J.: 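Handing you a structure now.
Whatever order the structure lists ligands and atoms in, that order sets their numbers, starting from 1. Values in this document were obtained by computation on a predicted structure and should not be read as measured data.
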Amino acid sequence: MDWAASSPLVDEDHVQQLKEQGWFIIDDFLPEELAVSLRAEAKQAYEDGKFSQHRFQFGSGTFEKPSIFEADLHDETLQEPLASFAELLFEESLGQRLNHWWPELALEEGFRAKTLKVQRNGGQGGCFPCHYDNSGPPSKRSITCLVYLNPDWTDGDGGELVLHPFLEPDIIIAPLMRRAVFFRSDLILHSVRPSSAERFCFTLWLDGPTNSREDVNLTAKLLRSELETVDFLKRSPVQRSVSRAVNSELYEESLLACMSGMPGCDEMLQGHRQHVTQQLAHPQLGPFVEFLRSFTCSETAGFDATKNYWNAVYDFTGNAKSANWSIPPLDQCEELIITFEGSSAAPEPATPELTQEMLLAAPLESGESHGQSVTNVPQTRPSLPDSPGLKRLRRCLTDAVQELAGTLEAVVLSPEKPVEVEIEDADLVERPPGAPWTLGPKTSSSSASQKARAANAWMADHSMLAPTGATANANKPVEAFRLTMSSSPEKKEPAARPGSALGNQIDDESDDDLIFGPAAAKASSAAAAKGSSAAARRKIGEKIGVLMSSLDSDEDHEPVALSERQRKLLKEGIAGIIVRYLWASQ
Ligand SMILES: O=C(O)CCC(=O)C(=O)O
Ligand SMILES: [Fe+2]
């Protein structure tokens, strides 16, 4: 059977959408009769007991996902009762077409490079929490193709597929008969809303090459580049490493919707929260995640940041010199509200809630209507505060670090090996070209620069915040940071330590169902802190005391108002990497 014979084919436009936004939809994808017979076949097979309850592994246990039943066509015993689906598994045209329009996808041929599952949702609230279908290597899933088989679906039945493109508004897709949804398995976070009606679909996953390092590792470079990073992350599977923390409420809500009261739910919820807390506690990652989260505000408020509602705020006091309202800097805001001075009445919410991002957007092009005032009253608006983002905090951190006169050079703690950190004065030593460098237990003979370079390499290997181009930096003099390994470098952390092992623990064996960013396991900075010696921690504590107080009494700049939580995160989150290197080298 050529399933594409009499239905819309995947064409160049679709692939363009796939490239630009990571997904596309084709309605009436299957011929009518084929869709009807596929549904009947699936229903019959279910009634004949051919489907199994969807299970997933978490920690040491196996748990069931309520109301979700599946048949995996790689199981040969299912290829007869589900013969039409089996044919689709052996059908090559779809992958070939995708490859034709996008050769770089490099989808593999053959049935081993595909997975086809028929799914029945029993309709008693069955759903899927937020996940990526490909959580990183060794998964090879490249394209997910979902086809829905529900002729009677109506509004209110639930069971909609929701795509959550990174930092973009959700896409809600009804599971309509013959509708196909294609998306990049490693790029599109998605969930399924609870279904109150029986619901059938099948999923075809097409394999491609496993993700490269660039698709997996969140590098220090990315943490530095801010706005470009946002655009980059929208298009890069690297987003997976921060997805949970950036979308933490979304993950939590969808998990509760699917698993509330079921065995495994509490553990998963706890695992999720722990992971998020750890990322937020990380000195670089925490503020970066907050920065990314600020981009989700406009979505929550229903704003299109490209439109400027700023222009809709009017000031009719007739004072041409100053406005009667103001926008405080983000770090002074608890909530983004506009305060009208001299009036106690709350403004009528004619538009959705304002966001800082929206307020800071460029004004509308002249020529577009800005509204008309009744009389000729001058319109004024307040001056703009600093734009939100990491810049200010980072600038102040840089200053604070410099104030420590080069003493706080590096704190590098290993998730696997306890490392005692010795903080030394900076000294600038050129490495002889080509000199070897290694990191090992304390070797008093190696020079500071050797140790520094070894530390670079070590960070590259052990930290998700690996300095980019560690190799390139190998030839660059580093203003020394010095590490001293503790005496028990081989001591292994217990495998089941919460947090660091989450990436492995929460993983649907077949579906990569609940996924943590692949780099997440390495990001357990808080756990790493526990691996450092008490003395090192005390030392670090002292340094951080200085860091904190210098942050507070920053004379050259306006003081940075750190929230209580940021303060706590900074203090606790010192376990990880605080390196002038991260700011200075590049
Ligand atoms: O049922 C659906 O619509 C999607 C299911 C899904 O996301 C999956 O099986 O990975
Ligand atoms: Fe999925």
Side-chain angles (χ1 to χ4, degrees), residues 22-27 29-30 35 38-39 42 46 51-57 64-74 85 89 114-136 139-150 153 157-166 170-207 237 240 243-244 247 250-251 254-255 257-259 506-516:
W23 59 274
F24 65 90
I25 296 177
I26 304 183
D27 280 329
F29 181 65
L30 293 179
L38 285 171
R39 182 185 163 91
Y46 173 75
F51 281 54
S52 2
Q53 175 90 43
H54 179 104
R55 283 173 211 282
F56 60 92
Q57 270 195 305
E64 293 184 350
K65 191 174 286 163
S67 295
I68 304 290
F69 304 89
E70 285 179 335
D72 184 339
L73 269 293
H74 275 297
F85 290 99
L89 184 63
K114 299 181 188 66
T115 307
L116 194 145
K117 282 189 186 180
V118 189
Q119 185 214 112
R120 174 185 179 268
N121 184 325
Q124 280 135 350
C127 57
F128 286 73
C130 288
H131 66 282
Y132 291 90
D133 284 350
N134 175 335
S135 62
S139 176
K140 300 185 80 175
R141 286 180 183 175
S142 175
I143 299 292
T144 299
C145 165
L146 274 156
V147 183
Y148 294 101
L149 301 170
N150 306 296
W153 187 89
D157 283 354
E160 294 92 346
L161 172 72
V162 187
L163 307 183
H164 311 282
F166 197 63
D170 288 350
I171 317 291
I172 299 161
I173 301 167
L176 297 176
M177 186 71 164
R178 301 164 66 205
R179 169 172 281 178
V181 183
F182 289 77
F183 55 84
R184 298 251 319 260
S185 311
D186 58 359
L187 194 70
I188 299 291
L189 182 71
H190 58 285
S191 59
V192 176
R193 286 181 172 172
S195 181
S196 56
E198 187 185 43
R199 170 189 187 272
F200 281 97
C201 67
F202 67 90
T203 316
L204 184 64
W205 287 279
L206 305 173
D207 286 357
R240 292 172 298 187
S243 168
R244 229 168 232 282
N247 300 298
L250 209 60
Y251 276 82
S254 68
L255 179 61
C258 299
M259 295 295 297
I506 302 184
D507 197 347
D508 183 306
E509 37 157 16
S510 55
D511 257 355
D512 310 320
D513 194 354
L514 274 165
I515 280 126
F516 276 61

J.: Does any N or O of ligand 1 fall below 3.5 Å from an N or O anywhere on Thr203, backbone included?
T.: no
J.: Determine whether Leu146 and Leu161 make a side-chain contact, defined as any pair of heavy atoms from C-beta on separated by less than 4.5 Å.
T.: yes
J.: For ligand 1, does Asn121 get within less than 4.0 Å through its side chain, its backbone, both, or neither, judged by non-hydrogen atoms?
T.: neither
J.: Arg240 side chain to Asn134 main-chain N or O, any donor-acceptor pair under 3.5 Å?
T.: yes
J.: Does any N or O atom in Arg199 lie less than 3.5 angstrom from one in ligand 1, N or O only?
T.: yes
J.: To 10°, measure the OD1(Asp133)-the Fe ion (ligand 2)-NE2(His190) angle for me.
T.: 90°
J.: If the cut-off is 4.0 Å to any non-hydrogen atom of Cys201, which atoms of ligand 1 fall inside it?
T.: 1 (O)
J.: For His190, which part has a heavy atom under 4.0 Å from ligand 1: side chain, backbone, both, or neither?
T.: side chain
J.: Looking only at non-hydrogen atoms, find the nearest pair between Pro129 and Ser254 and report the distance.
T.: CA-OG, 3.5 Å
J.: How far apart are the closest heavy atoms of Cys127 and Lys65, and which atoms are they?
T.: O-CD, 3.3 Å
J.: When you measure from the centre of the six-membered ring of Tyr46, is the NZ or CZ of Arg120 closer than 6.0 Å and no more than 45° off the axis?
T.: yes
J.: I'd like to know if Phe183 contacts ligand 1, where contact means a heavy-atom distance under 4.0 Å to any ligand atom.
T.: no
J.: Looking at Gly22 and Leu187, what are the two nearest heavy atoms and their distance?
T.: CA-CD2, 4.3 Å
J.: Ring-plane angle category for His54 and Phe128, please: parallel below 30°, perpendicular beyond 60°, tilted otherwise.
T.: perpendicular
J.: For ligand 1, which atoms have a heavy atom of Val192 less than 4.0 angstrom away?
T.: 1 (O), 2 (C), 3 (O), 4 (C)
J.: Quiz question: by atom type and distance under 3.5 Å, do the side chains of Asp133 and Thr144 form a donor-acceptor pair?
T.: yes
J.: With heavy-atom distances below 4.0 Å as the criterion, list the atoms of ligand 1 near Gln119.
T.: 1 (O), 2 (C), 5 (C)
J.: Ignoring angles and geometry beyond distance, decide whether Glu70 reaches within less than 3.5 Å of ligand 1 through its nitrogen or oxygen atoms.
T.: no
J.: Out of all atoms in ligand 1, which are within 4.0 Å of some heavy atom of Tyr148? Include the element for each.
T.: 2 (C), 3 (O)
J.: Checking His190 against His131: is there a side-chain donor and acceptor pair closer than 3.5 Å?
T.: yes
J.: How does Thr144 reach ligand 1, if at all, at less than 4.0 Å between non-hydrogen atoms: by side chain, backbone, both, or neither?
T.: neither
J.: Report the atom name of the nearest N/O/S atom of His131 relative to the Fe ion (ligand 2).
T.: NE2
